[in-house]
Amino acid sequence: LSLEDRLAQYVVEGSKDGLIEDLDEALTRYEPLEIINGPLMTGMDEVGRLFNDNQLIVAEVLQSAEVMKTSVAHLEPHMDQLETSTKGKVILATVKGDVHDIGKNLVEIILSNNGYQIVNLGIKVPPEQLIESCRIEKPDIIGLSGLLVKSAQQMVITAQDLQAVGVDVPLLVGGAALSRKFTDTRIASVYEGPVLYAKDAMHGLELANKLVN
Ligand code: B1M
């Protein structure tokens, strides 16, 4: 197998045997984000497909998630630390009912490497917790992530609840179950502040930079 295929294979098989050596080799050819967005994401997409086909069980998908997390942690120190001054504070959360956090944590890495201070509230974050955190942290941006279809609806509810207590901090939303159209028509319509859809972590950074400038 080629190096790229091997990297995807570690994720699909949930195996770490040889992973670090291959990541180090990949680092001599690619930028860390190219490795994540390329072969590692190819592997994750295949995991999603196999899971959908009932060819993988949750325990196996968890192993794949572990490989992804280990890889991202290994690559992180090699990413460019572009900014050291603080551009703004971002609260990040995976919405209520959703445990998927690899994408959100990638957003945390990219934003913090680019000058943002991050308050990561973790997974399954109910609106009340976000509201409380907003009071304490006074963020410049609230970032919501969700991968399940029901999470898209949960983002609408979360936006409504924030709106109800007068929060109008810009919302940055992302995750596989969302689309720009859903964001513009369903989430933005219940919220007074700006609501922006990011297709991936780098796009999230681009949008955050526009919001704070
Ligand atoms: Co789950 N899962 N999962 N899962 N899982 C999906 C999402 C699914 C599509 C798989 C499938 O069936 N094909 C499916 C959702 C179906 C649906 O609703 N449409 C699914 C399901 C059904 C489930 C369970 C219900 C399974 C079960 O228990 N029967 C369960 C849900 C539990 C719950 O949440 N209540 C479940 C559980 C799990 C695991 C725990 C085993 C594990 C998660 C581990 C973890 O995150 N710690 C897991 C995994 C790994 C996946 C897949 C395979 C991969 C997700 C991932 O990490 N991708 C996924 C299938 C898939 O996506 N191909 C699947 C890599 C990650 C980097 O991408 O998070 O999309 P992603 O982030 C991207 C962008 O979306 C964006 O940037 C990132 C790229 O740069 N982005 C943002 C994300 N958030 C952003 C926020 C931003 C900006 C950009 O700003 C704030």
Quiz item: With a 4.5 Å limit on heavy-atom distance, are the side chains of Met68 and Met41 in contact?
Solution: yes

Exercise. Flag yes if more than 12 heavy atoms outside Asp53 fall under 6.0 Å of its CG atom; otherwise flag no.
Key: yes

Quiz prompt | Side-chain donor or acceptor of Glu137 paired with backbone N/O of Cys134 under 3.5 Å | solution = no

Quiz item: Ignoring hydrogens and geometry, is there a side-chain-to-backbone donor-acceptor pair from Gln153 to Lys150 under 3.5 Å?
Solution: no

Self-check item: Check: Arg49/Gln55 side-chain N/O donor and acceptor closer than 3.5 Å
Solution: no

Self-check item: All side chain to side chain contact (heavy atoms under 4.5 Å, CB included) counterparts of Lys124, not counting sequence neighbours
Solution: Val99

Quiz item: Side chains of Ile35 and Leu7: does their closest heavy-atom pair fall under 4.5 Å?
Solution: yes

Quiz item: Are the side chains of Ile102 and Lys69 in touch, meaning some heavy atoms are under 4.5 Å apart?
Solution: yes

Quiz item: Which heavy atom in Leu147 sits nearest to a heavy atom in Ala176, and how many Å separate them?
Solution: CG-N, 3.9 Å

Quiz item: Is atom CD of Glu25 surrounded by more than 12 heavy atoms (other residues, nucleotides or ligands) closer than 6.0 Å?
Solution: yes

Quiz prompt | Short side-chain donor-acceptor distance under 3.5 Å, Asn114 and Lys87 | solution = no

Quiz item: Is the backbone of Glu128 close enough, under 3.5 Å, to the side chain of Asp161 for a donor and an acceptor to pair up by distance?
Solution: no

Exercise. Verify, without hydrogens or angle tests, whether Ser145 (side chain) and Gly175 (backbone) share a donor-acceptor contact under 3.5 angstrom.
Key: no

Quiz item: Can you name the side-chain hydrogen bond (donor to acceptor under 3.5 Å, both in side chains) partners of Thr183, sequence neighbours left out?
Solution: none

Self-check item: Close side-chain approach of Leu23 to Leu27, heavy-atom, < 4.5 Å
Solution: no

Quiz item: With side chains defined as the heavy atoms from C-beta onward, is the minimum distance between Ser64 and Val67 less than 4.5 Å?
Solution: no

Quiz item: Any side-chain heavy atom of Gln163 within less than 4.5 Å of one from Asp168?
Solution: no

Self-check item: Validation row: Thr185, Ser189 side chains within 4.5 angstrom (heavy atoms)
Solution: no

Quiz item: Where the side chain of His74 meets the backbone of Thr70, is there a donor-acceptor pair that is under 3.5 Å apart?
Solution: no

Practice problem: Could you give me the CA-CA distance, side-chain angles and deciding distance for Asp101 and Thr94, then say whether side chain to side chain donor-acceptor pair (under 3.5 Å) is met? | Solution: CA-CA 7 Å; Asp101 66 355; Thr94 298; over 6 Å; no

Quiz item: Just by distance, do the side chain of Ser151 and the backbone of Gln154 share a donor-acceptor pair under 3.5 Å?
Solution: no

Quiz item: Which ILVMFWY residues are connected to Leu144, directly or by a chain of links, through side-chain heavy atoms under 4.5 Å apart?
Solution: Ile91, Val95, Val119, Leu121, Val125, Leu130, Ile131, Ile142, Met155, Val156, Leu162, Val165, Val167, Val169, Leu171, Val173, Leu178, Phe182, Ile187, Val190, Tyr191, Val195, Tyr197

Quiz item: Can you tell me if Asn105 and Asn120 form a side-chain donor-acceptor pair at under 3.5 Å?
Solution: yes

Quiz item: Are Glu4 and Tyr30 close enough that a side-chain donor and a side-chain acceptor fall under 3.5 Å?
Solution: yes

Self-check item: Side-chain touch Ile118/Lys89, heavy atoms, less than 4.5 angstrom
Solution: no

Quiz item: What's the shortest heavy-atom distance between Phe51 and Ile57, and which atoms?
Solution: CE1-C, 4.2 Å

Exercise. Might you point out which heavy atoms bring Lys104 and Leu92 nearest each other, and give the distance in Å?
Key: O-CD1, 3.9 Å

